[in-house]
Amino acid sequence: MMAATNSLFSDLREIKKQLLSISWLCRERGLMHSVKWASELAFSLESIPLSELPSAPALTEEDAEDLDAYTLAKSYFDLKEYDRAAYFLRGCKSQKAYFLYMYSRYLSGEKRKDDETVDSLGPLEKGQVKNEALRELRVELSKKHKARELDGFSLYLYGVVLRKLDLVKEALDVFVEATHVLPLHWGTWLELCNLITDKEMLKFLSLPDCWIKEFFLAHIYTEQQLIEEALQKYQSLIDAGFSKSTYIISQIAVAYHNIRDIDKALSIFNELRKQDPYRIENMDTFSNLLYVRGLKPELSYLAHNLCDIDKYRVETCCVIGNYYSLRSQHEKAALYFQRALKLNPRYLGAWTLMGHEYMEMKNTSAAIQAYRHAIEVNKRDYRAWYGLGQTYEILKMPFYCLYYYRRAHQLRPNDSRMLVALGECYEKLNQLVEAKKCYWRAYAVGDVEKMALVKLAKLHEQLNESEQAAQCYIKYIQDIYSCGVSVELKVMEDMYQML
């Protein structure tokens, strides 16, 4: 496997040329997130001499005919005047102008949808707001697709339209086709990542054997909580020559955050801040770590720093929200998370964090709405499923609670918190055998909160299994003392009664 990876990255100079070329092509089409990704990777590689720099894409006869309309429309597009851009691109025949025409129409519909969403932010009806342009775009792109007239970029857009219409199978096929036609467009790989639900599904996809596939695999492993595999992939990419890539460093930090290796994640984020001090991307994740550690001065500094850089970025609002939450000013925190969602209603982290704040304010109905919106954005967000479980636990609805905790556990099978929550739920439903299994499994995978053995011991007590209860208490005491943590007096009393 390592040898295969090395062969893909044997010519880093050629990879840099490809990154510069795709960056140019994406910029011409207004795909700025893909431009940024390719540019950051290219920057991490050695410079190449002028004589070897790739030349600008050659113009076709159709490009030349559409040049005036394209140049005018692109200026409007860059100013977010999407309807105006689309108007001047009507009738253009070149692939580049056609993509920009269709993409402008798509973004115009998305902008209208977001405006309506912001106006109705809060009630559940917002999930019903749709991009009205999608059906027309699908019909037109479908005709071109059947006639095999779509290039890699237009295939990507067609896939996005299908996904937005919940035509998942068709979207998946189109995105796979797009990776073969234009393998270097990162946006296509990211969209594909959103549709792949598990590792088994990934095995059955026919994807091109290109170096960018390694980045895709590392990313999808991180998304699917397969952190060990993700870290191995990122390490192999660093060894292949991308050691200076801030993208890879940030992804590694996120991976450690996902497995709750807080010290390691904090260390990497601090290093990333030194290399890229004006970076805002991923800083909300960094703030989550500072929040968990209770590092108020550091979180305050981060919030002020990001505010100075750009106070109207979603991540900045989330960091400020976390800061107020740490100070127990939950109304203010919720206000900043709402502000983040007005900037981007599809921003997953803000919905989840807002749910947490509503929980703190004992507003369970608003918390449920926020968590459900988070799941609408990303069904793989275990925090939202877990949050819903906690909310229904407060409402004393154990069957609902069990369903949501099970979903969270499916997404995080080795997270002891999900298992302990499931165990407590089974206890309330008097399914004690299932509860015992959950508590033991929580201990076996590495109990974060160090409570699984105590809960298991108390269950054994209830079932008059004194010997097993005593063994659990002894094991608990040994584990706690080996970690240098003080033992709660109540647990000690319970243990001595058993002995």
Side-chain angles (χ1 to χ4, degrees), residues 26 29-34 66 69-70 73-74 76-77 80-121 123-179 181-182 185 187-197 341 344-348 372-373 375-379:
C26 290
R29 290 159 178 80
L31 297 164
M32 299 315 294
H33 287 290
S34 293
D66 295 341
Y70 164 79
K74 183 64 167 60
Y76 295 145
F77 180 94
K80 295 187 168 61
E81 296 183 53
Y82 302 124
D83 289 322
R84 200 175 179 193
Y87 177 81
F88 285 98
L89 287 165
R90 292 169 308 148
C92 287
K93 293 185 171 58
S94 65
Q95 290 278 14
K96 182 167 64 179
Y98 177 73
F99 173 84
L100 197 64
Y101 169 62
M102 298 300 276
Y103 193 41
S104 296
R105 289 170 62 192
Y106 165 76
L107 288 178
S108 171
E110 286 294 290
K111 191 169 181 291
R112 283 196 190 88
K113 185 186 85 167
D114 286 349
D115 289 344
E116 287 179 43
T117 299
V118 167
D119 292 340
S120 62
L121 196 59
L124 272 172
E125 294 85 66
K126 77 149 277 301
Q128 307 306 314
V129 179
K130 301 290 181 188
N131 179 345
E132 297 299 331
L134 292 176
R135 284 185 174 80
E136 279 182 33
L137 291 170
R138 182 201 170 197
V139 170
E140 292 174 41
L141 286 164
S142 175
K143 286 177 186 171
K144 290 258 187 184
H145 184 236
K146 283 173 184 167
R148 298 191 173 276
E149 292 175 5
L150 296 181
D151 67 357
F153 289 110
S154 293
L155 281 169
Y156 156 75
L157 180 58
Y158 184 34
V160 169
V161 169
L162 291 169
R163 180 178 67 78
K164 291 276 185 175
L165 290 167
D166 294 324
L167 300 167
V168 175
K169 175 68 174 68
E170 294 94 322
L172 191 68
D173 292 341
V174 170
F175 284 132
V176 169
E177 185 183 347
T179 62
V181 175
L182 187 69
H185 179 216
T188 303
W189 293 96
L190 278 184
E191 286 291 342
L192 199 54
C193 181
N194 292 330
L195 298 180
I196 296 170
T197 52
L341 290 164
N344 182 358
R346 293 183 298 279
Y347 197 73
L348 172 66
R372 284 185 174 161
H373 285 320
I375 289 163
E376 276 179 29
V377 176
N378 184 358
K379 287 184 171 61

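In this text, all values refer to a predicted model and were calculated from it rather than measured experimentally. Just the heavy atoms: all of them, side chains too, but no hydrogens, waters or symmetry mates, feed the values below.
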Discussion item. Can you give me the closest heavy-atom contact between S94 and D66, atom names plus distance?
Written reply: N-OD2, 2.7 Å
Practice prompt. Identify the two heavy atoms, one from V174 and one from L155, that lie closest to each other, and give their separation to 0.1 Å.
Written response: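 The answer is CG1-O, 3.1 Å.
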Practice prompt. For the pair E132 (side chain) and K113 (backbone), establish whether a donor and an acceptor sit closer than 3.5 Å, ignoring hydrogens and angles.
Written response: no
Fill in: Carboxylate-amine/guanidinium contact D83 R112, below 4.0 Å
yes
Response to the item:
Correct closest heavy-atom pair for R105 and A86 would be CG-CB, 3.8 Å
Practice prompt. Could you tell me whether the side chain of H373 reaches within less than 4.5 Å of the side chain of V377, counting heavy atoms only?
Written response: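 No, too far: nothing below the 4.5 Å cut-off.
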Discussion item. Let's go through L182 and T188 carefully: what are the C-alpha distance in whole Å and the side-chain angles of both, what is the deciding distance for side-chain contact (heavy atoms from CB on, under 4.5 Å) to 0.1 Å, and is it a yes or a no?
Written reply: CA-CA 9 Å; L182 187 69; T188 303; over 6 Å; no
Fill in: Cationic N near anionic O, under 4.0 Å, E191 to R163
yes
Fill in: Taking every non-hydrogen atom, the tightest pair across Y158 and R138
CE1-O, 4.0 Å
Discussion item. I'd like to know whether F77 forms a ring pair (Phe, Tyr, Trp, His ring centres under 6.0 Å) with Y103, so could you lay out the CA-CA distance, the side-chain angles of the two residues, the decisive distance to 0.1 Å, and finally the verdict.
Written reply: CA-CA 10 Å; F77 180 94; Y103 193 41; 5.8 Å; yes
Worksheet item: Within a strict 4.5 Å, meaning less than it, do heavy atoms of the Y101 and R90 side chains meet?
Response: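 They are in contact (side-chain heavy atoms under 4.5 Å apart), so the answer is yes.
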Worksheet item: side chain to side chain donor-acceptor pair (under 3.5 Å) with K146: which residues, sequence neighbours excluded?
Response: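 Here no residue qualifies.
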Fill in: R346, CZ atom: more than 12 neighbouring heavy atoms under 6.0 Å
yes
Worksheet item: If we only count heavy atoms from C-beta on, is the L190 to N194 side-chain gap below 4.5 Å?
Response: no
Worksheet entry | Non-hydrogen atoms of A69 and C92 that approach each other most closely | CB-SG, 3.9 Å
Worksheet item: So, does S104 use its side chain to make a donor-acceptor pair with the main chain of L100 at under 3.5 Å?
Response: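 Yes, S104 side chain to L100 backbone: donor-acceptor pair under 3.5 Å.
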Worksheet item: Which heavy atom in S154 sits nearest to a heavy atom in L150, and how many Å separate them?
Response: CB-CD2, 3.6 Å
